[in-house]
**Student:** 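Have a look at this one.
Please read all numbers here as calculations on a predicted model, not as lab measurements.
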There are 2 protein chains.
Amino acid sequence: MIDAKEVTISDSEWEVMRAIWTLKRVTSHELIGLMDKARGWSESTTKTLLNRLIKKNAVQKIGTGRPFSYAPAVGEQDSMTAAATDLFDHMCAMQAGTTLANVIESRDLSQDDIKNLQQILAQKAKTAPEMVECNCLPKDVKQDCDC
Amino acid sequence: MIDAKEVTISDSEWEVMRAIWTLKRVTSHELIGLMDKARGWSESTTKTLLNRLIKKNAVQKIGTGRPFSYAPAVGEQDSMTAAATDLFDHMCAMQAGTTLANVIESRDLSQDDIKNLQQILAQKAKTAPEMVECNCLPKDVKQDCDC
DNA sequence: ATTATGAGTTTACAAGTGTAAACTAAGAGT
DNA sequence: ACTCTTAGTTTACACTTGTAAACTCATAAT
């Protein structure tokens with residue numbers, strides 16, 4: 001498995017990856033049918049995306065004979081966490097909490113997910129600061145904003 | 001204020017937006033200095049990004065005379081929530097919970113953020129399902145995976 | 001052995017992005 | 001009124017992405 005942090009997957013590529021992750025192993029034929037059904041993509045489009053993913057090391061080609069199979073080379077959970085972490089890393093730290101709250105409100109979460117989150121939060125509460133500071137400007141820039 | 005969901009902000013543009021959001025109102029001069037200090041960008045680069053943001057309606061030009069000022073035309077929290085929601089919308093629903101957990105572990109959250117999250121989770125727990133299903137394949141595709 | 005067909009590889013092309021130079025117009029100073 | 005300087009606008013250019021056609025190479029069928 002390649003480290004998910006090393007691989008950048010574009011939006012369309014994500015669609016392909018999701019199918020591959022879910023099926024674990026596919027032929028291009030299956031994938032083409034799937035993406036056509038799911039997104040209405042032409043055969044060519046799926047082929048291109050698959051090749052780009054191989055080149056990026058997000059997918060590995062399996063087998064020797066002609067109908068090859070394709071399997072994920074990066075983990076789904078790892079890729080998801082890497083993508084989400086990357087996004088938050090580029091946003092204001094001060095508002096991350098509220099953003100997370102907004103996201104959570106709109107997600108379907110299982111009872112187990114919720115318990116897990118609660119446990120993590122309880123843990124974090126023990127050492128959490130009273131305030132998180134805005135990290136949007138270089139620290140030496142005067143910043144008398146209420147942000 | 002323009003609806004954040006209508007505006008797509010690229011990575012570099014985010015850096016500029018963060019500065020503008022934090023300062024609420026800037027001149028291109030200030031912004032150029034800031035981005036140079038924060039990212040080492042040349043004057044030209046900041047100017048280009050600022051113009052793209054204006055064209056996208058993420059930033060508004062203020063004033064009539066020559067040194068114009070620039071202010072956000074979309075809200076920061078709204079944009080953050082829109083970006084994060086969009087990301088999660090494109091990922092497997094089944095693993096969103098774990099992903100959120102992973103993200104939360106690595107964030108700095110304030111006591112208030114945590115309380116807020118806890119309150120939301122307690123609420124969600126009341127109606128949360130036992131399991132969230134994978135939504136990565138068209139529902140009519142046979143899918144005997146353990147995913 | 002020859003051909004059709006399915007699978008894989010190359011090329012294409014417009015839009016968006018990161019990065020920046022060149023050009024132009026409005027005010028500031030003389 | 002003329003010129004310097006600063007702020008704003010245009011152009012540039014390579015790389016990525018979304019989308020897809022064209023082309024080529026194995027292999028199965030004849």
**Student:** Ion pair present between Glu13(B) and Arg52(B), side-chain N to carboxylate O less than 4.0 angstrom?
**Tutor:**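 Here Glu13(B) does not pair with Arg52(B) in a salt bridge, since their nearest N and O are not under 4.0 Å apart.
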
**Student:** Near His29(B) NE2, under 6.0 Å, is it more than 12 heavy atoms from other residues, nucleotides or ligands?
**Tutor:**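 No - once you tally the heavy atoms of other residues, nucleotides and ligands closer than 6.0 Å, there are 12 at most.
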
**Student:** Within this structure, what is the CG-to-P distance between Leu53(A) and dT9(C), rounded to whole angstrom?
**Tutor:**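 So the two atoms are 14 Å apart, to the nearest Å.
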
**Student:** How would you list, by chain and number, every residue that makes a ring-ring contact (aromatic ring centres under 6.0 Å, His included) with Trp14(A), sequence neighbours excluded?
**Tutor:**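 For Trp14(A), the residues satisfying ring-ring contact (aromatic ring centres under 6.0 Å, His included) (neighbours in sequence not counted) are Trp21(A).
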
**Student:** Between Asp140(A) and Lys37(B) (salt bridge meaning N to carboxylate O under 4.0 Å), is one present in this structure?
**Tutor:**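 Counted as a salt bridge, because a side-chain N and a carboxylate O are separated by less than 4.0 Å.
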
**Student:** Find the distance Leu31(A):CG to dA7(C):P and express it as a whole number of Å.
**Tutor:**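 Checked: the CG to P distance equals 12 Å.
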
**Student:** Return the value, rounded to whole Å, for the distance between atom NZ of Lys55(A) and atom P of dG8(C).
**Tutor:**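 Checked: the NZ to P distance equals 15 Å.
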
**Student:** Determine all donor-acceptor pairs shorter than 3.5 Å in which one atom belongs to a side chain in residues 59-74 of chain A; sequence neighbours excluded.
**Tutor:**
{"residue": "Ser69(A)", "atom": "OG", "partner": "Arg25(A)", "partner atom": "NH1", "Å": "3.1"}

**Student:** Just by protein heavy atoms under 4.0 Å, how would nucleotides 8-21 of chain D read 5' to 3' in B, S and -?
**Tutor:** BBB-B----SBBBB

